[in-house]
Amino acid sequence: SKVTPSDADSSLILFIKDTRRAMESMVGNKAGFPLHSRHRNVTEMIEIASRGQFICGAKFQCDVSPFHDTGKLNLFRIGKYVRTTDLNKGEKAERTSDFNSNHYHTVGEFHRHHLNWTFPNKNLTEVCYGGVFAVPASRVIFLSNQPSERQALKIIEDVLGRNASISLEEHFVERTWAGLLAKPLNEEESTLIRELQAKKGPNISNLKSSIYGAIRGNRSLTCS
C-alpha cells in the first residue's frame, strides 16, 4: 500500500451500499432490520471509528447483541429471497437456486470453500446488517498484510464486483464484514457477553430469522 502509517492512523474507510432504500423505514421491519432500534448517522460513525473501532450503521435494540453465536451464524442459510423494495412492488421471493449459482448452502460453507477463511472467534462473532459501516484504515492495511485475510478481501471484492442484481453470496458477505474487519473478542470479553445473555426464554434468534444466531440479552442488565 502507498498509504503511510501516519496517514492510516488518521484515516477511516466508510462503506455504504449503493442500494436505494429508506433506511429508517427498515428499522424493526421483519423484512428489513428486525430487532434494530435505529441507524447511526455518519458523524456518529466517524466519531466511534476514530477511536480505532469497527462500527456498524445499523444499531440493535438494547436487549439484542451485535455479537452472534459463531456456530449458529455459520449455519445461516436462505431459502427464498426478494428485496424489500421489490416486495413492496408486489414481486414474489425467488428460490435460492435462482440466485445461488455456486450452490453454497450456508455461511460457513461459503467461508471454507470460497474464501478459504473462517471466523477467528469460534464463540462469538460480530455481525453488521445493512451494508453500512466504518473501519479505521490502519485495520484494513493490517489485514491486507495477513495472507488469509488478504485473500478473503480480494475474493469478496470480486464477488461484489460481479454486479449481479441478486446473489446469495451478497448476503453471506453482509454477515462476514464485521467478523473479518473488526478485532475479534478475546476470551474475557466473550465470557462477559455470555454472562449478559438471557437465561430464560429464547436467547438466540431462531433459524428462520434473518439475524439467526444473534444473542438475546437479559433486559435488566442490558437495557438499564
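On a predicted model such as this, the values are computed, not experimentally measured, just so you know.
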Problem - Heavy-atom closest contact (R38 atom, R40 atom, distance) - result: NH1-CA, 3.7 Å
Practice task
For the residue pair T222 and V64, establish whether any side-chain heavy-atom pair is separated by less than 4.5 Å.
Solution key: no
Handout entry: From CE (M45) to NZ (K59), nearest 0.5 Å
Key = 12.5 Å
Exercise for the section: Using the side chain to side chain contact (heavy atoms under 4.5 Å, CB included) rule, take R139 and I13 through it: C-alpha gap first, then chi angles, then the decisive distance, then the call. Expected result: CA-CA 10 Å; R139 176 65 179 167; I13 296 175; over 6 Å; no
Problem - For K154, all residues meeting salt bridge (Lys or Arg N to Asp or Glu O under 4.0 Å), sequence neighbours excluded - result: D158
Handout entry: Derivation and outcome, side chain to side chain contact (heavy atoms under 4.5 Å, CB included), residues V159 and E170
Key = CA-CA 8 Å; V159 167; E170 174 187 345; over 6 Å; no
Problem - Residue pair F110 / E169, side-chain heavy-atom distance below 4.5 Å - result: yes
Exercise for the section: Flag the pair E126 / N121 as yes when at least one side-chain heavy-atom distance between them is below 4.5 Å, and no otherwise. Expected result: no
Practice task
Identify whether the distance between the nearest side-chain nitrogen and carboxylate oxygen of K183 and E189 falls below 4.0 Å.
Solution key: no
Practice task
Grab the two heavy atoms, one from I16 and one from L14, that are nearest each other, plus how far apart they are.
Solution key: CD1-CD2, 3.8 Å
Exercise for the section: Of all the heavy-atom pairs spanning F60 and H36, show the shortest one and how long it is. Expected result: CE2-CE1, 3.3 Å
Problem - Heavy-atom closest contact (D69 atom, I215 atom, distance) - result: N-CD1, 4.1 Å
Practice task
Let me see the working for H68 and Y129 under ring pair (Phe, Tyr, Trp, His ring centres under 6.0 Å), right down to the final yes or no.
Solution key: CA-CA 12 Å; H68 291 44; Y129 295 98; 5.7 Å; yes
Exercise for the section: Compare every heavy atom of A49 with every heavy atom of P136, then report the nearest pair and how far apart it is. Expected result: CG-O, 3.5 Å
Practice task
Taking the side chain as every heavy atom from C-beta outward, state whether T118 and R112 have any pair of such atoms under 4.5 Å apart.
Solution key: yes
Problem - Passing candidate, ring-ring contact (aromatic ring centres under 6.0 Å, His included) with W177, options F172, F133, F119 - result: F133
Problem - P120 to G179 - nearest heavy-atom pair and separation - result: CD-O, 3.7 Å
Exercise for the section: Determine whether I156 and F142 fall in the same hydrophobic cluster, where Ile, Leu, Val, Met, Phe, Trp and Tyr are linked whenever their side-chain heavy atoms lie under 4.5 Å apart. Expected result: yes
Handout entry: Within-4.5 Å side-chain heavy-atom neighbours: L192 and E188
Key = no
Practice task
Could you tell me whether the side chains of Y104 and H114 share a donor-acceptor contact shorter than 3.5 Å?
Solution key: yes
Exercise for the section: Answer yes or no: is there a donor N or O on one side and an acceptor on the other, between the side chain of T106 and the main chain of L75, under 3.5 Å? Expected result: no
Handout entry: Any T125 side-chain heavy atom under 4.5 Å of R175 side chain
Key = no
Practice task
State the CD-CG distance between Q146 and L153, to the nearest 0.5 angstrom.
Solution key: 10.5 Å
Handout entry: Any donor-acceptor pair under 3.5 Å from Q197 side chain to I193 backbone
Key = no
Problem - Chi angles and distances behind the side chain to side chain contact (heavy atoms under 4.5 Å, CB included) call for S65, R194 - result: CA-CA 10 Å; S65 173; R194 287 295 190 181; over 6 Å; no
Problem - T70 side chain vs L124 backbone, donor-acceptor pair below 3.5 Å - result: yes
Distance-only donor-acceptor hits, side chain of residues 50-58, under 3.5 Å, sequence neighbours excluded:
| residue | atom | partner | partner atom | Å |
| --- | --- | --- | --- | --- |
| S50 | OG | I46 | O | 2.6 |
| R51 | NH2 | E47 | OE2 | 3.3 |

Problem - ILVMFWY cluster, F15 and V140 together (side-chain gap under 4.5 Å) - result: yes
Handout entry: Atom pair CG (L115) and CG (L180), whose distance is rounded to the nearest 0.5 Å
Key = 8.0 Å
Practice task
Following the transitive rule for hydrophobic clusters with a side-chain heavy-atom cut-off under 4.5 Å over Ile, Leu, Val, Met, Phe, Trp and Tyr, establish whether L196 and V127 coincide in one cluster.
Solution key: no
Problem - Test item: N116 and Q151 side chains (from C-beta on) under 4.5 Å apart, heavy atoms - result: yes
